[in-house]
Amino acid sequence: MRCNLYANDELVGWAELTHTDPPMGCASGPFYPNDRYRKIQPIIREYNLYDGTLGEVNEQKRLEAQAKIDALRLSVVTEDGEALDPLSGVHIVDFSEELVEDPYQLDVLGLPFDIYDRLFPLAWQEYLDR
């Protein structure tokens with residue numbers, strides 16, 4: 001499912017989301033940033049550095065970086081115009097300095113069950129078949 005990612009109501013890229021964890025309401029997929037993403041990229045990389053994704057875990061610095069991300073008001077909107085409101089937020093993983101192929105990922109964490117089920121109707125059956 002293709003979705004657009006916004007920061008402070010400005011389009012910064014899009015992602016192709018697939019269901020990843022139905023019980024937790026999580027969807028993830030490759031993220032394709034546009035040029036406007038470059039403005040927020042340092043904040044995303046700072047968070048990834050201190051949450052352990054790219055380096056050390058430093059809770060104080062992670063919280064400081066999280067406050068900066070919260071100020072970006074990240075939002076995800078489907079191609080149909082439906083704004084998703086995940087309970088645990090939107091997370092971007094940026095390995096652009098470490099990887100050449102597929103360096104970005106978008107995670108939408110904690111979608112309500114009814115929305116998740118509507119967006120990914122086969123997710124539960126695939127999950128149970130594992």
Side-chain angles (χ1 to χ4, degrees):
M1 171 186 64
R2 185 174 169 150
C3 293
N4 292 319
L5 176 67
Y6 295 86
N8 291 320
D9 298 322
E10 183 175 56
L11 181 66
V12 294
W14 65 276
E16 188 66 40
L17 297 179
T18 59
H19 61 86
T20 53
D21 189 346
M24 299 300 289
C26 298
S28 299
F31 172 59
Y32 303 95
N34 62 24
D35 289 339
R36 291 182 205 101
Y37 173 75
R38 304 294 170 241
K39 291 191 300 189
I40 70 167
Q41 187 174 27
I43 295 169
I44 302 303
R45 296 242 343 141
E46 178 184 3
Y47 181 84
N48 289 169
L49 178 64
Y50 297 121
D51 78 341
T53 301
L54 293 174
E56 67 183 272
V57 175
N58 182 315
E59 188 62 15
Q60 181 58 40
K61 289 183 179 183
R62 186 195 67 78
L63 290 172
E64 291 168 7
Q66 181 64 56
K68 293 175 188 176
I69 288 176
D70 291 346
L72 295 174
R73 296 181 9 239
L74 296 176
S75 60
V76 177
V77 179
T78 68
E79 282 189 308
D80 295 335
E82 180 180 1
L84 303 181
D85 189 22
L87 301 173
S88 297
V90 176
H91 184 255
I92 303 166
V93 177
D94 182 335
F95 286 117
S96 60
E97 292 180 21
E98 293 76 22
L99 298 175
V100 174
E101 292 185 35
D102 301 322
Y104 305 98
Q105 179 173 307
L106 181 68
D107 301 315
V108 178
L109 308 170
L111 288 169
F113 175 78
D114 59 326
I115 293 170
Y116 197 88
D117 195 43
R118 184 171 39 77
L119 295 175
F120 304 105
L122 302 176
W124 278 103
Q125 190 58 51
E126 291 176 17
Y127 176 79
L128 294 172
D129 288 345
R130 289 186 199 172

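When a residue number appears, it is its place in the shown sequence, counting from 1.
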Measure from the side-chain N and O atoms of Ser96 to the backbone N and O of Pro103, and report whether any donor-acceptor pair falls under 3.5 Å.
-> no
Counting N and O atoms only, with roles assigned by atom type, does the side chain of Arg45 sit under 3.5 Å from a partner on the main chain of Asp94, one being a donor and the other an acceptor?
-> yes
Test item: [X] and [Y] side chains (from C-beta on) under 4.5 Å apart, heavy atoms:
X: Leu119; Y: Leu17; result: no
X: Arg62; Y: Val57; result: no
X: Leu109; Y: Met24; result: no
X: Ile115; Y: Glu82; result: yes
X: Leu106; Y: Val76; result: yes

Pick out which of Ile92, Thr53, Ile43 makes a side-chain contact (heavy atoms from CB on, under 4.5 Å) with Asn48.
-> Thr53
Interatomic distance, Gln41 atom CD to Glu46 atom CD [nearest 0.5 angstrom] | 13.0 Å
Distance col, row His19:NE2 vs Asp117:CG, nearest 0.5 angstrom, shows 11.0 Å
Can you tell me if CG on Asp114 sees more than 12 non-hydrogen neighbours from other groups inside 6.0 Å?
-> yes
Hey, are Glu56 and Lys61 close enough for a salt bridge, meaning a charged N less than 4.0 Å from a carboxylate O?
-> no
Could you walk me through whether Asp80 and Thr78 pass the side-chain hydrogen bond (donor to acceptor under 3.5 Å, both in side chains) check?
-> CA-CA 5 Å; Asp80 295 335; Thr78 68; 4.9 Å; no
Nearest heavy-atom approach of Met1 to Phe120 is CE-CZ, 3.6 Å
